[in-house]
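Contents: one structure, followed by commentary.
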Amino acid sequence: MKVKKCKSCNTELKKDWIALHRKLLDKDAKEFLCISCLADTFGCEVEDLEIKIEEFKEEGCVLFK
Amino acid sequence: MKQFIYADNAATTKLDNEAFEAMTPYLLNEYGNASQPYSFAREPKKALAEARQIIAEAINALPEEIYFTSGGTESDNWAIKGSAFLDTYKRATITSAIEHHAVLRACEAIERLGYPVVYINPDSKGLITPDALDSTITDNTRLVSVMYSNNEIGTIEPVKELAQIAHGHGALFHTDAVQAIGHINIDVKALGVDMLSASAHKFNGPKGIGFLYIKKGISIASFSDGGSQESGLRAGTENIAAIVGMAIALRNNLAKLSDNETHILKLEQLLLSELSGFDFVRNGAENHVPGNISLSFKDRDGEAILHRLDLAGICVSTGSACDSVNTRISHVLKAIGLDDSYAKGTIRISLGKDNTEDDVKAIATALKRILLP
């Protein structure tokens with residue numbers, strides 16, 4: 001399987017980061033940001049996004065399955 | 001330090017400081033059971049009577065017309081079920097399609113027991129028009145229940161006119177005033193309502209307490225059976241601290257109601273002017289609860305906006321929730337016929353008396369950052 005990389009910094013992407021990008025930025029995106037670049041975009045801390053990811057999983061959001 | 005802006009006052013409000021101070025003696029020292037005959041119960045009994053008096057005066061009711069409950073949901077359930085269960089003829093209930101779920105689910109529950117319920121659709125502003133009720137009501141209608149103001153879009157309903165129509169057909173009229181009490185002057189006698197629901201935490205009181213106004217002479221089935229509290233209709237030891245806190249919070253909110261309204265309406269205008277240029281619809285009627293601002297942005301995702309604002313330290317609500325498969329649009333937005341392309345991008349900003357111009361400017365700045373390409 002082809003490894004997906006952050007469209008901004010080329011960091012190898014994790015599944016949850018792709019889901020988060022879809023959840024908060026663009027559901028139909030084909031290219032994605034890593035969690036650090038997402039945090040920069042949103043003006044928040046990476047930890048804030050990690051908490052969000054866990055909350056979305058607990059809520060059963062299908063993007064994170 | 002990260003900013004924190006609370007703009008979800010329709011969901012709940014911050015506890016009034018004076019209400020908190022007034023509550024503490026009944027949590028710590030004056031913990032006597034108000035139903036007991038000994039002297040230690042005198043203070044809580046007196047506090048209970050004073051709180052009932054304050055609340056009654058606030059809505060132009062009699063103290064014996066105020067029944068303390070655990071909140072808006074209980075009050076709504078009691079009004080709907082209590083009036084149905086006392087009627088052996090199983091006559092119909094009429095409500096609106098945009099009620100809070102506390103009313104809608106209670107209506108569904110009585111439907112399952114064989115009591116007919118009719119749901120009136122609003123117009124595009126969320127108004128339940130007198131004509132719509134007039135063409136639906138029959139002499140077989142037992143109860144009409146229409147909210148005073150809508151929690152999602154803020155529309156204030158023509159309650160007085162609706163109550164007159166209900167009474168003209170021999171029906172009772174209940175209004176869920178949870179979003180209105182403490183923010184709008186309410187006079188139950190002038191409105192002509194038979195029952196009215198309220199919840200303290202919506203007007204800077206504590207959570208877990210509310211009341212149901214039941215007009216003198218109106219009979220409904222008891223909510224709970226047991227002791228003689230609340231005239232035997234709502235048995236259970238009274239939560240004196242919460243009741244006292246509710247009364248103080250309501251009294252304080254009403255004392256500054258006009259100033260608060262002016263302040264909040266100014267903030268509303270500021271927010272809307274800051275957002276001019278974006279493609280959005282403001283939902284609801286011109287006559288609305290101050291501060292309730294439902295905005296639907298075209299081709300946007302309301303849930304994503306909510307979370308992005310949260311990451312910026314701003315609390316608001318949304319009118320839709322989505323996963324990768326479906327977007328669930330709220331029953332209110334569906335009922336007013338809002339186009340899906342807007343409905344999916346709905347957020348509710350509910351400003352309160354403690355919000356400032358700086359708060360609104362920060363919300364607008366954060367929204368622009370989210371909405372601009």
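Computed from a predicted model, the values in this text were never measured in an experiment. Residue numbers start from 1 in every chain, and the chains themselves are labelled A, B, ... in the order their sequence lines are given, proteins ahead of strands.
- Contact annotation: the side chain of E45(A) never approaches that of K2(B) to less than 4.5 Å [non-hydrogen atoms, C-beta and beyond].
- Other residues, nucleotides and ligands contribute only 12 or fewer heavy atoms inside 6.0 Å of the NZ atom of K5(A).
- Within a 6.0 Å sphere centred on NZ of K125(B), other residues, nucleotides and ligands contribute 12 heavy atoms or fewer.
- Judged by distance alone, the side chain of R369(B) and the main-chain N or O of T41(A) form a donor-acceptor pair under 3.5 Å.
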Which pairs would a plain distance check flag for residues 51-65 of chain A, meaning a side-chain donor or acceptor within less than 3.5 Å of a matching protein atom at least two apart in sequence or in another chain?
residue	atom	partner	partner atom	Å
K52(A)	NZ	H307(B)	ND1	2.9
K52(A)	NZ	D310(B)	OD2	2.5
K57(A)	NZ	D16(A)	OD2	2.7

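- Counting only heavy atoms from C-beta outward, the side chains of D301(B) and L24(A) never approach each other to under 4.5 Å.
- Applying the 6.0 Å contact sphere to CG of N17(B) captures no more than 12 heavy atoms from other residues, nucleotides or ligands.
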